[in-house]
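Only one structure is covered here, and it is reproduced in the block below.
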Amino acid sequence: MLVYKSRQKGKNSTVNWLACIPLAALIGVFWVYAATAQTNPHNPPTTESIQQSLVALKVGLDTLWVVIASFLVFFMNAGFALVESGFCRRKNAVNILTKNLIVFAIATIAYWAVGFGFMYGDNGGNTFIGMKGFFLQAVDNSPATLGEYKGDFPGLSWTGIPLEAKFLFQLVFAATAATIVSGAVAERIKFLAFLLFSFVLVALSYPITGHWVWGGGWLANLAKDAQGATTGAFFDFAGSTVVHSVGGWAALIGAALLGARSGRYTEDGKTRAIPGHSMSLATLGCLILWLGWFGFNPGSTMAADGRLIAHIALTTNMGASAGGIAATIVAWLYLGKPDLSMIVNGILAGLVSVTASCAWITLPSALIIGAIGGVIVVFAVGFFDNLRIDDPVGATSVHLCCGIWGTLAVGLFAVGQKTDIGGGYILQAGAGPKAGLFFGGGFEQLLYQTIGAISVGGFTVAFSFIAWYVISLITSGIRVEGEEEFKGLDISEHGMEAYSGFLKEGES
Amino acid sequence: MLVYKSRQKGKNSTVNWLACIPLAALIGVFWVYAATAQTNPHNPPTTESIQQSLVALKVGLDTLWVVIASFLVFFMNAGFALVESGFCRRKNAVNILTKNLIVFAIATIAYWAVGFGFMYGDNGGNTFIGMKGFFLQAVDNSPATLGEYKGDFPGLSWTGIPLEAKFLFQLVFAATAATIVSGAVAERIKFLAFLLFSFVLVALSYPITGHWVWGGGWLANLAKDAQGATTGAFFDFAGSTVVHSVGGWAALIGAALLGARSGRYTEDGKTRAIPGHSMSLATLGCLILWLGWFGFNPGSTMAADGRLIAHIALTTNMGASAGGIAATIVAWLYLGKPDLSMIVNGILAGLVSVTASCAWITLPSALIIGAIGGVIVVFAVGFFDNLRIDDPVGATSVHLCCGIWGTLAVGLFAVGQKTDIGGGYILQAGAGPKAGLFFGGGFEQLLYQTIGAISVGGFTVAFSFIAWYVISLITSGIRVEGEEEFKGLDISEHGMEAYSGFLKEGES
Amino acid sequence: MLVYKSRQKGKNSTVNWLACIPLAALIGVFWVYAATAQTNPHNPPTTESIQQSLVALKVGLDTLWVVIASFLVFFMNAGFALVESGFCRRKNAVNILTKNLIVFAIATIAYWAVGFGFMYGDNGGNTFIGMKGFFLQAVDNSPATLGEYKGDFPGLSWTGIPLEAKFLFQLVFAATAATIVSGAVAERIKFLAFLLFSFVLVALSYPITGHWVWGGGWLANLAKDAQGATTGAFFDFAGSTVVHSVGGWAALIGAALLGARSGRYTEDGKTRAIPGHSMSLATLGCLILWLGWFGFNPGSTMAADGRLIAHIALTTNMGASAGGIAATIVAWLYLGKPDLSMIVNGILAGLVSVTASCAWITLPSALIIGAIGGVIVVFAVGFFDNLRIDDPVGATSVHLCCGIWGTLAVGLFAVGQKTDIGGGYILQAGAGPKAGLFFGGGFEQLLYQTIGAISVGGFTVAFSFIAWYVISLITSGIRVEGEEEFKGLDISEHGMEAYSGFLKEGES
């Protein structure tokens, strides 16, 4: 999201746009027609009615974009479910599918009840956590925000869409963070433990660090001048840090605390490959995630700004393509074969890598950032295995490592304000980060990015430790018994199997 | 759909918007640019050209929303195909996939040829069936409808989008009703019998009851005052009754007439579980349906009304989430395990349950309605098994039982007119049902809802009995032979198998 | 795409719309609100600010439509991956999935680097190939094009959306052509050979023939009057020729050069059926492609023209439905059973068949065109087998045969200019082809269509021969060894298997 703070600059209008609300609510579907009763010479449109029609069209158009982008991001749940279950064994497929299916329902309740309020609710200026709008009980300043009053969600006051559209888009983001965890802890976590962790992650941890960055918290105001105006900030356009590395850190802690799957690492220090049960599902999942990212990144404009949306769609796609190609090449050279699971993860790595910077970089930069992401992910998978941290689907490599890389990339590749990022799109003053190191901006923005990556990571690690610990007390440990793991979680946790009519290996 | 009737109230304008049509058709893509030739001081825009641009933008925006929503609903065909085939056995997968694939093609022809005309065509005021616009040969009153002339499709005159966009959206709804039947009659119906039933359902039965509710028929005018103005009506925003319970009743009759699958019920009265062949496909299908419902419900605004779309997307999502969580809990307590197939059906149950009321209820109400749907579906599955009505995928439990529940829920939870449903959206006078029982409205609306549920159900049951009977004469019974059922419909009806290269259970 | 040429007619305005660009770039998200500060009596909106708002809304709306359509077309990659892998054997699934996944990444690089420039870049009027805008380094004339200056991409100057949105939409089209090849060469091609061919197809061949038709090349100016004004042209609205038959020709040459899969044709001249490994995946893929076509065809308006979008969505859907039903009937009569793979291909055949003409035909014509496509595909599959050209998924039958048929169908069924195609949509003078043979236009348009189909086909065939030959030198032949083919490409090319935990046929 374009950080709201910058949007507020230069707004010295005294117009109170709240005055529009009841009017806008009343005019409903008839407005344009009514405002433009052209064939009735006795009722020509007035300047005021034209204004109302323009505002209503603008709000309708922006909202349409944001809800459609939300649907695409929602569909990423299917992508995650397929990638994660495809990469795991047949005997755990029901468990993973169930986790990925129900986690969105849990996230809906958690984020509606408290998460959204913690992340965006007005709090009288504290920079740590929001404190209003639980159960969505608050007043927004839609449909427009030029006035002084920022509504009860000042962190989202820069976009003029209805509050419920803002919530919907933020909800699908929050759920993504929880979904990331699912893959890393797969094949040995207790079902209930995962549900509880998802709930607290979406209800509390994700919103707090999210508040710091997108809710107007301290990371959005890192440097100030003598008058208290913000002069420097951490920037994360669509969530390399806010969503992906948060999910990745939580996943890492979970995977580390759980320990490796039985048989994953041999006594002589080797890593034993445990092939996934369906590369078809995993590949389809990857393409669904790629599709969903076209909502994730371009949708973060939260307004139907055609030029910016088109540019972000291209940087996003370039990141995915470069990540996929780089991973193909590296896997081919390094592993000897063009490994499909590495290509899948390379594409996702490229996507995560450009997520933070997608609105502020050129297309060649997107290519470089994505390609580096695709290289990182191949080696990260080996790195975690060397640490004996067993992540069955590579979620940590993709979301954590590339989330951090993507965050830092803002400090390297951002073009800076008042600069054409391509396609004639010129970033407005105050919108977005300062120029990165490679674009003449020195180390300043890179420093802010580093501070953000570390602080969000640190909080999430601490929170995750505590949360997993408390949950393990509630569920008598978070890991299933060895016997259950051997039989598979489908039978032991759900009493059913994923596939019927297909003879299992080992049977005859 | 916001019922059209209410839209007509208060329209005493004598403006004939039909006058816009040829103009709007001509201005094409140049209109806005042409209307706003700003740099040409000799050709300033006129009030009239601004009006034309505003109308064209409004029509374009609304149409965009409706066609995109239609695409999402179309995609539900994939969702149904996957849920239904995933829940059935490997040996019948080709058959179910074929049915779900071709049924949309058949629905397209049936609804274009006659269905749409029966449902929405002008009929000079009879309240039972429409009678114009077969093969889409009729004149619409788009792009605006403030005048007295309602066009040849008065039931859809309240939305200003082009006729073909209206048809597209209605078509994908009609096809959904037929798809619902497919699951309940799976694994033993003759392929041709299903095709014929689908055709007559979409061509005749669905349109007639649809006419009663959405086409301006008698259910849309249940109570009248002395002047003949409608004072009370049955309301079904997006089709809990019109689509889901219609499909559900037809499915129930089909499943009952077919009899249970061989081996489903043992002689000592037990129900034998017949596991589905792929929970991966079923889960993916569930997520596709959830996605599609974001077109189904919010799209039923048939206009890009951002505030209402966002609210409906949230009530829809809340219903799904609550249904999924409720089914998880109930299945866990009642069946001993968090059963994935129950969670899938719980989510669908929640979605069906909020479909009728999604535009007229608050978020907490959506949570309650969806949760109750999720509870209903778990027990309904057992209920039908006790009746020895064998529905392999639970379509009847989901679409019929929750369709009825959702319909009644309007009479319980509707906030009433001129009330804020959340997010500042205030229902206009005349738009939507009266306040429900729990919102101070007494039993009036609940009575209308009951009348609607019963009358639509009664007609569909009678029609289905006759249709299945006539079809059974044509196809020499609607059920395949025992031998064919044993071998599987894939071999007996299609001469092919769904999977190759995977050893079957029982083979070695 | 509506051919740009016709759009230029009648443009004698001297307004230079380039003047808008910096302004439009600056006004950003605030424009409408700023332009309509209604409650501030000291700052009423001016005519100029209203104009700016209207243009910005129009550009935003058009861009939204085009990017969403692009996402739908992008998703067709998943559809192709599933249809192709589902129709192939288990032992080659990883290979096909990998090809279809990475091909979009390769297409992205190829089309960005050079393809788009060859296809649409300004070239000073030569009619063979474009020559500007490599790496997207060029200036567009967006947001409006009424002036004399056409920008660096004159072939796309008729649509006012940002350059990067134009590129995105064209990119997803280009990638489709490469994806088509994948299926026909499946199960025996070397992975690297396919990657190289995809690159040159998207970088060079597709753009050149695309330039002829959509880039303002010679096929878009087939006949001229004495003054040099174009009086006749080849027309292909969304790419039956430009995309599908190009992909189909390249696929045919590849399949022919590769030779048949081992065991496909017996020594006594029989064709041995090689069943696909998953009809579930293939069917899902078909529905995803059907969905994607709603972006492919209606999106080719490249503007949010509601009436035309709705009409094209209906002709597209009618073509698919008629193709599916026709293939069902023909397969039932001809093969004895309603064969699911034929129905899948029949639907795709119907879609390809209406792609060229979808904007210029009536609904009944779409039904006829699609149905004929569905008949063609069933017989074409047998035809190629008789030629001993082994196309495992029927890609040639669908995309080449029906691509040609669809192209010719324009010359038969086009309604002609200034004619209502349905829904009150009247084609503007100069927009689209002349009336076809069956609509009173004689043979003129049919002749143009024939010239286009032959010339594009001829070039693609010649290019493909050369390309496959050069690649075979690089990769030491394009076909894998017999041993590798027997083991399956998954093991031999990728060192992994698609499925784990499912016992293979032949194992025990």
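Just so it is clear: chains get the letters A, B, ... in the order the sequence lines come, proteins before strands, and each one is counted from 1.
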[X] vs [Y] aromatic rings, parallel, tilted or perpendicular, using cut-offs 30° and 60°?
| X | Y | answer |
| --- | --- | --- |
| A/F191 | A/H494 | perpendicular |
| A/F502 | B/F502 | perpendicular |
| B/F294 | A/F74 | perpendicular |

What distance do A/K504 atom NZ and A/E497 atom CD have between them, rounded to the nearest 0.5 Å?
3.5 Å
Per-residue contact mode, [X] against chain B (heavy atom under 4.5 angstrom):
| X | value |
| --- | --- |
| A/I96 | neither |
| A/S492 | backbone |
| A/T63 | side chain |
| A/L281 | side chain |
| A/S85 | neither |
| A/Q137 | neither |
| A/L82 | side chain |
| A/V67 | side chain |
| A/L64 | side chain |

Choice from A/I288, A/N95, A/L136, A/T108 maximising heavy atom contacts with chain B below 4.5 Å:
A/T108
Kindly confirm or rule out a cation-pi arrangement of B/R90 over B/Y499, judged by NZ or CZ under 6.0 Å from the six-membered ring centre and within 45° of its axis?
no
Report the option among B/G346, B/A331, B/P275 that has the most heavy-atom pairs separated by less than 4.5 Å from atoms of chain A.
B/P275
Check: A/F134 ring centre within less than 6.0 Å of A/F116 ring centre
no
Short N-O contact, A/E493 and B/K337, less than 4.0 angstrom
no
